[in-house]
Protein chains: 2
Amino acid sequence: MSTAPADPAAEADGATAAHRVFDLLSEAIISGELAPGAKIKESALSSRFGVSRAPLREAIRRLEERKLLIRTPRLSARVTELTPVRITELYEIREVLEGMAARQAALRMQPDDIAHLRDLLRQHEAALNATEDDVYRQGTADEDFHFFIIQRSGNATLVQILCDEYYNLIRMVRRRHSRVAGRARRALQEHQQLVEALAERDGDFAERLMRRHVAAALRGILGSLDAETRTPQMESGIAA
Amino acid sequence: MSTAPADPAAEADGATAAHRVFDLLSEAIISGELAPGAKIKESALSSRFGVSRAPLREAIRRLEERKLLIRTPRLSARVTELTPVRITELYEIREVLEGMAARQAALRMQPDDIAHLRDLLRQHEAALNATEDDVYRQGTADEDFHFFIIQRSGNATLVQILCDEYYNLIRMVRRRHSRVAGRARRALQEHQQLVEALAERDGDFAERLMRRHVAAALRGILGSLDAETRTPQMESGIAA
DNA sequence: CGCGCTGCTTTTGTCGACAAATTAATGACA
DNA sequence: TGTCATTAATTTGTCGACAAAAGCAGCGCG
């Protein structure tokens, strides 16, 4: 039934009904319960969530803002389709933006921050050795790592764009396409290199490493997309 | 009364009432009729625009997405305040994003596109020679130039971010802070250099020029902000 | 005389219903 | 039988009203 919020970096579950519905709907979209391209019927969803159409519309509006829905004036909203082109565009933007974040973070990092990052990587490594398939938690660790660096860039607007507005979309890409064999361990190595560059306050190198890291992630995703071309996706509509 | 839409690159005036109100409200905010920090009272505005609160709320939601309003769960929405920090953050992001756009555009430019850009610059120059103070139209020409290059980057997501989501905010910054003496002519020169780099398909140089151009614009704005520190702003609330 | 409490006003969040518009369904016609 | 026009059924956009929460004023109390 997936009624548990369990949404990190999101507003508290009980702020308003609209926020609650927003969390529920994002989860439904990201998990694939609402398949890409599926039409969003307001009355159906409002009755499903037990709220009126007003808060549901607010949630839809917010999901459109976060690029999880596409809405055209009089037509129904539809769930975003993650085409290779779209994913590429998104990751190219991530590349320059997170590269910039890494550069600026390198100049502002405190010893405590470096220690925290090293700790994160230790946990990441442990999780990697312990489980072979828990991609979800691994993705969360990856997010923690990236978000921490972004936050240390000191650019609040950048933090908002990457950690808030595009958070769900990136999570959706990762959740659905980012289970490339062996990629996790290489990613960990890249993270470790990046932390060293940050520790040395080498903004130039940190930016370069981050850009390569994001570009490599994109290549992995595109490669796996190529491999699974025309693999039947057994996702169902909302009527579970 | 300023009921004329006159909003370039925006949706048609009559798509829905919410769109119309969105245009009206953005204009009111950008022009300064709604002063920064001013509270947005839904009922007052809905009666002012002659619509119900539903489409007004939709417009508010969209304006929050475009960063022209800040809204906290139960408090009233407030008009964004353009602090120097915020402007700096925005322009640093523009720098990397538009730099990237220029690089990619350099590789995709067609002869027609170069001709169009040269034509734009001729018009820009003519306008600059003709009028001494029409900053608004000059700003529009500047937008046309930047937007065209961004669009030729081929990255639709990037176009959406820069030409749609941040369009109004950038316009607001320009409208309120970008009338630095002599900056317009230097900006034109920088544009001309940029077009040459694009014509030569020198993506590396185009990116560098664009970044310098945006950074210079930011310096101009910050300088003028410094100069007018504590200058009384004679903006009034909505009750005109 | 300052501070906290109570009650009132204002404002947002939510609801149910109506109207316009789109989509589909049906039937007529070439 | 295929295509198009007309009509029925959804679905979105909009409205006015109610309820809950926040802000504000006046009052009592230490």
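Below, chains carry the letters A, B, ... as their sequence lines are ordered, and counting in each starts from 1. Excluded from the calculations below are hydrogen atoms, water molecules and symmetry mates; all remaining heavy atoms, backbone and side chain alike, are included.
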Would you kindly give the [atom1]-to-[atom2] distance between [X] and [N], to the nearest whole Å?
X       : N      : atom1 : atom2 : value
A:Glu42 : D:dT14 : CD    : P     : 11 Å
A:Leu75 : D:dT10 : CG    : P     : 18 Å
A:Leu56 : D:dT12 : CG    : C1'   : 12 Å
A:Glu64 : D:dT12 : CD    : P     : 13 Å
A:Arg78 : D:dT11 : CZ    : C1'   : 14 Å
A:Lys41 : C:dA24 : NZ    : P     : 10 Å
A:Arg62 : C:dG13 : CZ    : P     : 11 Å
B:Ile40 : C:dT11 : CD1   : C1'   : 13 Å

Q. Any side-chain donor-acceptor pair under 3.5 Å between B:Gln104 and B:Ser153?
A. no

Q: Please state whether the base of D:dG23 and the side chain of B:Arg74 form at least one donor-acceptor pair under 3.5 Å?
A: no

Check this one for me: any side-chain N or O of [X] less than 4.0 Å away from OP1 or OP2 of [N]?
X       : N      : result
A:Arg57 : D:dG13 : yes
B:Ser76 : D:dA22 : no
A:Arg71 : D:dG13 : yes

Q. Thinking salt bridges, do A:Arg61 and A:Glu64 make one under a 4.0 Å N-O criterion?
A. yes

Q) So what does A:Ile60 touch, heavy atoms closer than 4.0 Å: a base, only the sugar-phosphate, or nothing? A) nothing

Q: Check the angle between the aromatic planes of B:His213 and B:His191 and answer parallel, tilted or perpendicular using the 30° and 60° thresholds.
A: perpendicular

Q: Could you grab the distance from atom CG of A:Leu169 to atom OG of A:Ser26, nearest 0.5 Å is fine?
A: 12.0 Å

(Q) Looking only at the side chain of B:Arg53 (C-beta and beyond, no hydrogens), which of the listed nucleotides C:dC15, D:dT12, C:dT12 gets closest? (A) C:dT12

Q | A:Ser52, nearest nucleotide to its side chain (from C:dT14, C:dA17, C:dC15) | A | C:dC15

Q) Does B:Glu89 reach the main-chain N or O of A:Ala156 with its side chain, forming a donor-acceptor pair under 3.5 Å? A) yes

